Number of protein chains: 2
Amino acid sequence: MSAAAAGRGDGGGDPDAARAGGTGTGPAPYDPYAFEPFAVTVDLAVLTVRGGVLHVLLIRRGQEPYAGAWALPGGFVLPRESAETAARRELAEETGLAPSLVDSLHLEQLRTYSEPDRDPRMRVVSVAFTALVPDMPEPAAEGGGDADRARWVPVGEVTQPAFDHARILADARERVGSKLEYTCLATAFCPPEFTLGELRAVYETVWGTALDRPNFRRKVLATPGFVEAVPGAARLTGGRGKPAALYRAGPATALHPPLLRPTEGPAR
Amino acid sequence: MSAAAAGRGDGGGDPDAARAGGTGTGPAPYDPYAFEPFAVTVDLAVLTVRGGVLHVLLIRRGQEPYAGAWALPGGFVLPRESAETAARRELAEETGLAPSLVDSLHLEQLRTYSEPDRDPRMRVVSVAFTALVPDMPEPAAEGGGDADRARWVPVGEVTQPAFDHARILADARERVGSKLEYTCLATAFCPPEFTLGELRAVYETVWGTALDRPNFRRKVLATPGFVEAVPGAARLTGGRGKPAALYRAGPATALHPPLLRPTEGPAR
DNA sequence: CCTGTTTATAGTCAGAGTGACTATTAAAGG
DNA sequence: CCTTTAATAGTCACTCTGACTATAAACAGG
């Protein structure tokens with residue numbers, strides 16, 4: 001703990017504390033290699049709703065450790081990148097989508113995982129992100145890689161992913177579930193134009209509960225800015241039933257009052 | 001972006017991607033120094049309520065950059081520490097509290113700040129934490145340092161703190177404000193036994209709004225597990241008024257339904 | 001001792017929001 | 001044409017909340 005002890009009191013994150021053998025208090029050149037280096041990576045929990053089931057984008061690992069296991073997409077933060085930038089770059093690379101499209105996707109920092117032994121080889125601190133995307137085709141295998149290296153996997157079927165990715169995925173699911181309650185985030189899972197039935201399916205899928213159709217409709221339409229009607233537009237709902245009106249995501253981001261999960265216990 | 005490009009597809013945080021000049025696909029020893037090192041630090045937004053004003057613990061910097069400026073306490077994550085462990089260690093060092101006491105304080109990861117230029121000297125990625133502590137005396141100047149190196153500062157009087165600490169503090173305030181709405185977190189600002197008036201003062205201080213006394217009481221007592229009455233105990237409220245009953249924090253952590261901020265707009 | 005002030009506590013009342021439910025409309029399929 | 005399916009419209013009771021009034025218990029000052 002010598003490095004931090006030397007730096008104690010110099011405020012948060014003071015690299016001067018890391019200079020080798022620093023004894024004086026005056027300014028001195030610091031040596032970036034005087035402390036054990038950390039690798040900083042991003043991991044992405046890319047979630048989507050496909051056919052009433054929550055899916056996550058996984059990559060099959062080709063190398064040890066965890067060769068052959070599924071893992072969340074991710075990679076290194078480059079020297080001139082923020083974690084957010086790195087996450088969006090990785091997202092574009094893994095999904096094969098155009099960068100302009102990726103820029104419009106919902107991407108949000110989840111939390112940072114820093115347990116010393118989360119990677120058996122070296123010290124890796126990973127900033128995890130959650131991305132919410134509408135239903136889209138299987139990720140294109142761009143760059144001449146294996147055709148099925150990246151796949152959408154139902155979250156219920158994810159077993160023994162690499163590293164601590166099971167924990168990250170669980171945290172992402174919990175975060176998304178509670179954010180649906182008090183934000184307008186559900187539209188991030190929908191295409192640009194969607195029906196209220198599709199929006200309700202997002203809630204039902206993420207929460208795993210059925211919602212009353214008329215009540216859901218009343219609540220969503222009563223929240224100003226949640227959705228905006230597309231004038232005159234309607235979509236046949238899979239062939240059956242009355243055609244539903246189409247809506248777009250509105251400008252609101254928060255839900256006041258919130259749309260609480262049914263049967264949610266009084267304490268968590 | 002060569003390092004990440006080389007590692008693309010190997011799953012999140014694969015240090016193999018960092019080995020210098022890696023061309024083959026088979027296993028090879030990795031070199032921790034093949035990529036530009038990142039320093040990983042923690043920054044702490046330690047908040048407390050003193051006399052109806054939200055305060056944050058700040059440290060006066062002794063070195064450049066930002067010498068003489070106030071900064072959030074923090075420091076390096078050591079090679080065998082998680083960020084959480086480092087945050088609690090720094091918290092104990094900066095407040096001078098016993099480690100056992102620090103272990104009981106509420107500490108929660110806020111988010112990670114990773115802009116490339118947030119520290120002018122080198123690449124520093126900082127995991128920020130929010131700590132909520134009850135009102136306590138001025139931090140002891142342990143270790144023979146300056147007597148007033150660490151101070152409680154009203155958040156409204158924090159001007160031009162070092163690095164991006166203004167942003168971190170703003171994020172912490174916003175997070176705490178919204179967590180008061182849907183969690184039982186407010187008790188973390190209170191001593192072990194407190195009156196409902198003190199608990200209400202926490203909400204009023206963090207939110208900056210007045211709350212109706214009887215309605216607040218009704219809501220808190222109607223939430224199972226939020227607070228537990230201390231049998232027979234009462235405390236004189238600063239000399240004036242009827243003595244108030246004492247309560248302890250209950251086992252609940254979530255508020256269902258939430259206690260929403262008054263006059264909170266329909267969209268944020 | 002009385003009175004005004006302060007804070008805690010008890011209770012009332014109307015309106016908003018929600019859960020549960022019924023009814024109607026508009027499409028597809030046999 | 002009739003059934004099925006899903007969207008849409010509407011009702012009703014209950015809960016929760018905001019606003020408000022009233023009472024109780026302490027202290028300060030005359």
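Below, read A as the first sequence line, B as the second, and so on, with proteins coming before strands; counting in each chain starts at 1. Because the structure is a prediction, the values reported are computed rather than measured.
Atom CZ in B/F216 sits roughly 16 Å away from atom C1' in D/dC16 (whole-Å rounding). One atom, CG of A/L196, and another, C1' of C/dT25, lie 16 Å apart when rounded to the nearest Å. In this structure, A/L260 atom CG and D/dC16 atom P are separated by 12 Å, rounded to whole Å. Here the P atom of nucleotide C/dA8 and the CG atom of B/L211 are 13 Å apart, to the nearest Å. Rounded to a whole Å, the CZ atom of B/R240 is 8 Å from the P atom of C/dT7. In this entry the distance linking NZ of A/K242 with C1' of D/dA7 reads 5 Å, nearest Å.
In terms of modelled atom types and a separation under 3.5 Å, the side chain of B/E198 and the main chain of B/T195 share a donor-acceptor contact. A donor-acceptor pair is defined here as one N or O able to donate and one able to accept, closer than 3.5 Å; no such pair exists between the side chain of B/E193 and the backbone of B/V230.
Residue B/R213 places at least one side-chain N or O under 4.0 Å from the OP1 or OP2 atom of C/dA8.
The stretch residues 197-208 of chain B touches DNA chain C through B/G197, B/R200, each having a heavy atom within less than 4.0 Å of the strand.
For the residue pair B/Y113 / B/D43, no side-chain donor-acceptor distance below 3.5 Å is found, with atom types taken as modelled.
The two residues A/V206 and A/F189 come nearest to each other via the heavy atoms CG2-CE1, 4.2 Å. A pairwise comparison of heavy atoms in A/E181 and A/W207 identifies CG-CZ2, 3.5 Å as the closest pair.
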Sort me out a list of protein N/O and nucleotides 11-18 of chain C N/O pairs below 3.5 Å, or just none if empty.
unit_1 : atom_1 : unit_2 : atom_2 : d
C/dT18 : OP1    : A/K219 : NZ     : 2.9

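The shortest distance between side-chain heavy atoms of B/L259 and B/Y182 does not fall below 4.5 Å. Side-chain contact between B/L97 and B/M136: present, with at least one pair of heavy atoms (C-beta onward) separated by less than 4.5 Å.
Note: B/F216 and B/Y203 meet the aromatic proximity criterion, with ring centroids under 6.0 Å apart.
The residue A/R217 sits close only to the backbone: its heavy atoms come under 4.0 Å of sugar-phosphate atoms, none of a base. A/A245 comes within contact range of the sugar-phosphate backbone alone, with a heavy-atom separation under 4.0 Å but no base atom that close.
Residue A/C190 holds its SG atom at 5.0 Å from CG of A/L199, rounded to the nearest 0.5 Å.
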